[in-house]
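A quick note: this is a predicted structure, and the numbers were derived from the prediction, not measured.
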Amino acid sequence: MQSNVSPMQAKLLAGAGMVCISTVVGILYKVSQAASGGFKYSTTSAICIAEFLKLSMSCAFHIMDSSHSRDGRLRVHTTWSSASAQLSMQTVMQISVLSFLYAVNNQLSFFVYTLVDPGTVFLFKAGSTMIVASVQCSFAGKTFSPAQWKAMMLQACGMIIVQYDPCKGGGVYTGLAYFCLCLGTVITAISTARNEYLIKNYTISLNVQNAVLYAGGVFFNLLAFTCIPNPNSSAEIGFFDGYDNVLAIGVVCSNAFIGLAINAVYKYGDAVVKCIASDITAVLLIIVSVIFFSLKSSLTLWCGVFVVVFAVHLYVDASQTSAPPPRAKESAPTRKGVELSNMIGKKADIAAEPLGAEEDDYEDVQAAESGSLIRK
């Protein structure tokens with residue numbers, strides 16, 4: 001039975017879903033805090049539960065995948081055999097490093113929300129491409145075009161406009177808040193580089209990768225809950241304490257389903273859809289922060305928001321322009337063409353080369369870079 005949803009409608013629905021879930025995440029992180037500071041629940045247990053839910057979904061998706069099923073054998077058995085064949089100790093260790101980085105970044109995000117409003121957090125994510133690019137240039141050897149660097153510099157200028165308070169002669173928030181925002185961006189950039197390394201050096205299905213990734217997330221967050229004090233609350237809170245509050249449950253569920261929203265965007269949309277969805281989320285949360293979270297509205301603020309959003313789209317356009325277009329394969333010259341070339345004196349040595357020996361290197365590069373590891 002074919003779906004009646006057109007590709008454009010699928011893009012719009014995927015983008016709208018990401019906007020809704022991302023906006024809810026930003027608001028829930030802020031309103032679920034206790035009046036005395038910190039959170040009413042353990043942030044490590046919240047992420048641990050969310051990671052367990054994502055682990056369960058990844059395992060279910062892998063079990064339902066028909067690519068590894070065999071006649072006369074239990075689906076669970078073939079699922080385990082397929083996953084075991086793709087994994088090695090080195091692979092698990094590489095993905096575990098990524099799980100650790102995400103565990104640290106998730107707890108840092110909770111702490112950041114105690115310092116700044118959700119609109120600033122999401123706008124900073126949209127405008128911090130220069131930090132990510134600098135890390136990737138330094139550690140991953142990635143290069144960017146001049147147009148991309150110009151767009152990133154414009155993004156940084158837009159963020160300065162948004163965060164500069166002319167009355168105070170300084171930033172809207174404390175230096176600690178901006179340091180934590182930058183640190184979170186650096187960790188995100190390193191995680192991106194790790195993702196790229198996994199994609200290029202290991203051939204593992206998406207569901208198996210995610211299952212190992214989320215299993216590591218469960219382990220590291222459970223370890224953090226057991227071994228270190230609550231990083232985002234001064235009170236001693238049990239693992240399941242605070243979940244009688246619907247806001248705490250909302251934080252867990254939103255963290256569990258944000259990955260599905262990003263998956264949908266990449267499956268049915270593209271980078272432009274994700275960019276637009278992120279921009280809409282940032283603007284919505286800025287409006288919410290002005291109304292509910294004491295962010296001071298001003299002409300300078302909204303001009304800075306426009307500059308950041310505009311620069312993000314310039315960067316996306318520059319990325320698409322800098323990508324080399326697929327090279328059309330030249331048709332093989334016929335024998336009559338070779339004879340004609342010889343007759344009229346056209347470089348007969350070129351025409352005499354073995355026919356069909358040319359390889360399309362660009363297509364090989366595209367095939368090697370087509371995979372992705374989707375993770376929040």
Side-chain angles (χ1 to χ4, degrees), residues 22-23 25-27 29-30 105 108-139 142-192 271-272 274-319 322:
S22 299
T23 304
V25 167
I27 295 174
Y29 270 45
K30 194 67 179 178
N105 208 20
L108 182 62
S109 295
F110 278 105
F111 180 68
V112 166
Y113 274 96
T114 64
L115 303 176
V116 304
D117 63 274
T120 297
V121 173
F122 274 79
L123 192 66
F124 193 90
K125 288 180 180 179
S128 58
T129 315
M130 178 172 286
I131 299 176
V132 177
S134 300
V135 172
Q136 290 188 333
C137 283
S138 302
F139 298 101
K142 194 168 184 178
T143 58
F144 298 90
S145 67
Q148 288 174 305
W149 281 112
K150 292 175 184 177
M152 287 185 280
M153 291 176 65
L154 187 60
Q155 288 177 20
C157 290
M159 281 304 306
I160 293 173
I161 294 172
V162 171
Q163 294 301 312
Y164 181 74
D165 187 346
C167 298
K168 294 169 55 178
V172 176
Y173 295 106
T174 63
L176 175 62
Y178 295 120
F179 171 78
C180 291
L181 284 167
C182 292
L183 178 60
T185 304
V186 171
I187 296 175
T188 299
I190 295 173
S191 301
T192 303
V272 176
K274 184 177 184 296
C275 171
I276 294 173
S278 299
D279 291 345
I280 294 174
T281 301
V283 173
L284 287 176
L285 286 174
I286 286 289
I287 296 173
V288 171
S289 298
V290 168
I291 298 173
F292 297 104
F293 301 124
S294 303
L295 180 64
K296 185 178 179 182
S297 178
S298 65
L299 180 62
T300 304
L301 170 70
W302 292 110
C303 286
V305 171
F306 173 79
V307 170
V308 172
V309 171
F310 182 68
V312 169
H313 284 271
L314 287 180
Y315 178 84
V316 173
D317 291 341
S319 301
S322 63

Return yes if some donor-acceptor pair links the side-chain N/O of [X] with the main-chain N/O of [Y] below 3.5 Å, else return no.
X    : Y    : value
S289 : L295 : no
K150 : S145 : no
Y178 : Y173 : yes

Report task. Going by the side chain to side chain contact (heavy atoms under 4.5 Å, CB included) test, name the single residue among V308, T185, V112, V162 that passes it with F124. Result ->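 By the side chain to side chain contact (heavy atoms under 4.5 Å, CB included) criterion, F124 pairs with just one of V308, T185, V112, V162: T185.
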Gap between atom [atom2] of [Y] and atom [atom1] of [X] - 0.5 Å precision:
X    : Y    : atom1 : atom2 : value
L314 : Q148 : CG    : CD    : 11.5 Å
C182 : I187 : SG    : CD1   : 11.5 Å
T23  : I287 : OG1   : CD1   : 10.0 Å
T120 : L285 : OG1   : CG    : 10.0 Å

Item to check | Any side-chain heavy-atom pair of F111 and L176 under 4.5 Å | outcome: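 F111 vs L176: side chains touch.
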Discussion item. Less than 4.5 Å apart, side chain to side chain, heavy atoms only: is that true for P118 and F293?
Written reply: yes
Nearest non-hydrogen partners of [X] and [Y], listed with the distance:
X    : Y    : answer
T281 : S22  : CG2-CB, 3.7 Å
V307 : L154 : CG1-O, 3.6 Å
A177 : L115 : CA-CD1, 3.8 Å

Exercise. Evaluate the side chain to side chain contact (heavy atoms under 4.5 Å, CB included) criterion for residues L301 and V290: first the C-alpha distance (whole Å), next the side-chain angles of each, then the deciding distance (0.1 Å), finally the verdict.
Key: CA-CA 10 Å; L301 170 70; V290 168; 4.2 Å; yes
Checking V121 against Y113 for the side chain to side chain contact (heavy atoms under 4.5 Å, CB included) test, could you report, in this order, the C-alpha distance in whole Å, the side-chain angles of both residues, the deciding distance, and whether it holds?
CA-CA 8 Å; V121 173; Y113 274 96; 3.7 Å; yes
Applying ring pair (Phe, Tyr, Trp, His ring centres under 6.0 Å) to F306 and not counting sequence neighbours gives F310
Notebook entry, point to check: Do L284 and F122 pass the side chain to side chain contact (heavy atoms under 4.5 Å, CB included) test, and can you show the C-alpha distance, the side-chain angles, and the key distance before you say yes or no?
Noted result: CA-CA 10 Å; L284 287 176; F122 274 79; over 6 Å; no
